[in-house]
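First the structure, in the form of structure tokens, and then the observations on it.
Every chain is numbered from 1, with letters handed out A, B, ... down the list of sequences.
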Number of protein chains: 2
Amino acid sequence: MKQITKKVIKNSLKRIFLYRACLVKLKLMGVEKVFSYTLANETGVTSDQVRKDFSEFNIKGNKRGGYDINVLLEKMEKIFHRSKDNNIVLIGMGNMGLALSKYSKFAQRNMNIVATFDIDPFKQKLRSGIPVYSMSRLKEIIDRFGVKVAILAVPEISAQEVADELIRYGIMGIVNFAPVLLKVSPDVIINNVNLCDELESVIYYVHKLMKVDGLKNLELLYRDMKY
Amino acid sequence: MKQITKKVIKNSLKRIFLYRACLVKLKLMGVEKVFSYTLANETGVTSDQVRKDFSEFNIKGNKRGGYDINVLLEKMEKIFHRSKDNNIVLIGMGNMGLALSKYSKFAQRNMNIVATFDIDPFKQKLRSGIPVYSMSRLKEIIDRFGVKVAILAVPEISAQEVADELIRYGIMGIVNFAPVLLKVSPDVIINNVNLCDELESVIYYVHKLMKVDGLKNLELLYRDMKY
DNA sequence: CTTTTTTTGTGATTTGTTTCACATCAATTC
DNA sequence: GAATTGATGTGAAACAAATCACAAAAAAAG
Ligand SMILES: NC(=O)c1ccc[n+]([C@@H]2O[C@H](COP(=O)([O-])OP(=O)(O)OC[C@H]3O[C@@H](n4cnc5c(N)ncnc54)[C@H](O)[C@@H]3O)[C@@H](O)[C@H]2O)c1
Ligand SMILES: NC(=O)c1ccc[n+]([C@@H]2O[C@H](COP(=O)([O-])OP(=O)(O)OC[C@H]3O[C@@H](n4cnc5c(N)ncnc54)[C@H](O)[C@@H]3O)[C@@H](O)[C@H]2O)c1
């Protein structure tokens with residue numbers, strides 16, 4: 001049987017996120033220059049891997065001189081398309097939606113939630129500085145702000161229907177917090193964030209860890225479950 | 001250079017989560033029996049992969065008869081250690097912590113947030129049905145409920161310090177919402193949930209998608225960025 | 001200015017994962 | 001009840017990712 005959809009979020013891209021987190025931290029500490037092994041030590045990947053990843057994204061350093069932290073961060077900004085602003089809409093202003101709408105890091109990274117939407121008239125008022133609209137204004141706002149990416153924080157039961165609507169109006173990528181597998185055409189990017197699964201996988205590994213009594217089986221140990 | 005920490009959350013385990021999500025949905029629709037290709041169609045992986053994954057976790061079906069959905073779900077419960085209850089603590093009752101504390105799915109899956117904690121006396125009162133304690137009672141509660149897993153939703157600046165405290169009191173696994181790389185001993189499981197990164201990776205792929213004009217380069221297309 | 005040291009960048013090699021291919025089994029058909 | 005059909009389960013083959021190993025470059029030392 002042939003596979004129709006495929007996993008294409010590359011491990012190397014995930015590690016680029018990791019390197020950046022690390023670089024941000026180092027920069028705050030006043031560091032200006034890093035070597036592949038600096039990043040390696042901090043992140044737990046090998047220095048070879050760091051360089052291989054950089055080479056994949058065409059990031060070049062200086063032979064013997066390592067990498068300038070600012071240049072590196074700048075190149076990463078480019079990779080993540082953060083030179084320009086990205087307008088986002090958020091659907092569902094319940095518990096999760098409200099928390100997300102108040103999260104300042106998104107805006108700090110040029111990802112602006114320009115509007116939020118909810119079906120419940122009770123929630124359609126200004127909270128957290130971002131307007132809450134009724135669903136009837138969705139198309140208008142998406143068009144006006146040229147929005148391409150949405151955050152979906154509605155109950156499971158409504159997730160598919162709202163996703164369909166978003167896609168009809170031109171949304172091309174969705175971060176979906178509802179624990180359902182959305183059925184969409186393959187030219188739409190869906191990123192499912194399933195917090196139950198995240199918690200469960202920690203439990204899974206903790207149980208596993210407890211079974212290898214005396215920590216004899218070091219093969220099974222690890223620090224971070226993702227890159 | 002040798003790698004000290006390694007990625008061990010296996011793709012196969014991630015896909016088991018995916019299969020389960022799918023099975024839950026099918027069960028609700030009244031389906032009782034599935035074949036490897038049923039799951040394959042629903043999830044976008046190949047039927048071979050489904051069977052290989054099952055074989056890794058020692059899940060057996062019936063030749064020609066496929067798999068009984070209930071048996072399958074039961075075996076997965078076992079894999080995720082959900083026969084017994086898992087007690088969880090949640091640290092940081094700000095925006096994110098509050099939303100999480102109100103999320104009923106955790107309890108539905110036997111993951112009980114038995115207590116929440118905050119440094120701010122103002123937040124130390126009952127909200128959302130779960131008590132909010134001062135940090136001074138952390139050890140007591142962890143001991144009393146035999147808690148092994150924590151959710152960390154405090155500001156970045158405090159994340160490391162609180163993580164250290166948790167680990168000192170016996171916590172073995174942490175779901176960390178703060179966008180910082182925690183430094184911990186390798187026998188502690190850290191699962192970083194970085195929502196900025198999740199959003200950014202969608203933006204990354206949407207931009208990529210827009211560049212392959214006319215959708216000619218189908219190689220680049222995909223439905224779900226993770227398994 | 002030559003040698004040594006240090007670090008990058010990348011083919012070659014190894015290791016890991018997915019797909020293929022088919023033997024095996026059990027239900028169904030004839 | 002023999003033959004056919006339609007599934008599983010799993011080694012073998014193909015593919016992908018990570019590690020190794022070393023040439024190339026540049027800085028530092030002599
Ligand atoms: N709260 C959490 O911590 C949490 C954690 C993980 C996942 N989730 C998931 O996120 C989603 C939202 O969770 P929540 O806790 O915020 O739920 P919630 O019930 O508090 O909020 C849902 C919001 O969506 C709105 N809504 C419902 N149908 C809608 C529609 N068709 N169009 C627009 N808006 C609609 C509701 O009015 C409500 O305000 C759920 O799918 C949930 O499973 C929540
Ligand atoms: N709000 C979101 O949507 C969101 C999204 C992604 C990530 N995060 C991350 O989650 C964390 C919390 O975010 P938030 O928006 O809820 O922030 P917040 O400021 O609303 O809440 C933080 C809470 O932690 C408490 N706290 C601070 N120091 C503490 C300590 N040492 N011990 C115990 N409690 C302490 C504070 O009193 C506050 O109640 C942050 O690291 C943030 O980056 C938040």
Give the rounded distance in Å between these two atoms: [atom1] of [X] and [atom2] of [N].
X        : N       : atom1 : atom2 : result
Arg15(B) : dT18(C) : CZ    : C1'   : 8 Å
Phe35(A) : dG9(C)  : CZ    : P     : 12 Å
Tyr67(B) : dC25(C) : OH    : C1'   : 13 Å
Asn11(B) : dT19(C) : CG    : P     : 11 Å
Asp53(A) : dT10(C) : CG    : P     : 13 Å
Phe54(A) : dG9(C)  : CZ    : P     : 9 Å
Gln49(A) : dT15(C) : CD    : P     : 16 Å
Lys14(A) : dA17(D) : NZ    : C1'   : 13 Å

I want to confirm an ordering. Mapping Asn62(A) and Ser12(A) to their closest nucleotides on DNA chain D, which one lands closer to the 5' end?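 Of the two residues, Ser12(A) wins.
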Criterion ring pair (Phe, Tyr, Trp, His ring centres under 6.0 Å) against Tyr67(B), the qualifying member of Phe54(B), Phe35(B), Tyr37(B): Phe54(B)
Please determine if a side-chain N or O atom of [X] lies less than 4.0 Å away from the OP1 or OP2 oxygen of [N].
X        : N       : answer
Thr46(A) : dT19(D) : yes
Ser55(B) : dG9(D)  : no
Lys60(A) : dT10(C) : yes

Is it true that Glu200(B) and Arg20(A) have a side-chain N and a carboxylate O under 4.0 angstrom from each other? yes
Is Lys27(A) salt-bridged to Glu32(A), cutoff N-O under 4.0 Å? no
State whether the distance check finds a donor on one side and an acceptor on the other, under 3.5 Å, for side chain Arg64(B) versus base dA27(C). yes
Would you state whether a donor and an acceptor, one from the side chain of Lys52(B) and one from the base of dT17(C), lie under 3.5 Å apart?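 Under the 3.5 Å cut-off, the side chain and the base do not form any donor-acceptor pair.
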Side chains of Tyr19(A) and Asp53(A), donor plus acceptor under 3.5 Å: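 Asp53(A) and Tyr19(A) do have a side-chain donor-acceptor pair below 3.5 Å.
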Checking Glu198(B) against Asn194(B): is there a side-chain donor and acceptor pair closer than 3.5 Å?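 There is no such pair between these side chains.
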From the set dT7(C), dT8(C), dT10(D), return the single nucleotide nearest to any side-chain atom of Tyr37(A). dT7(C)
Comparing Lys63(B) and Ile59(A) on DNA chain C - which has the more 5′ nearest nucleotide: Ile59(A)
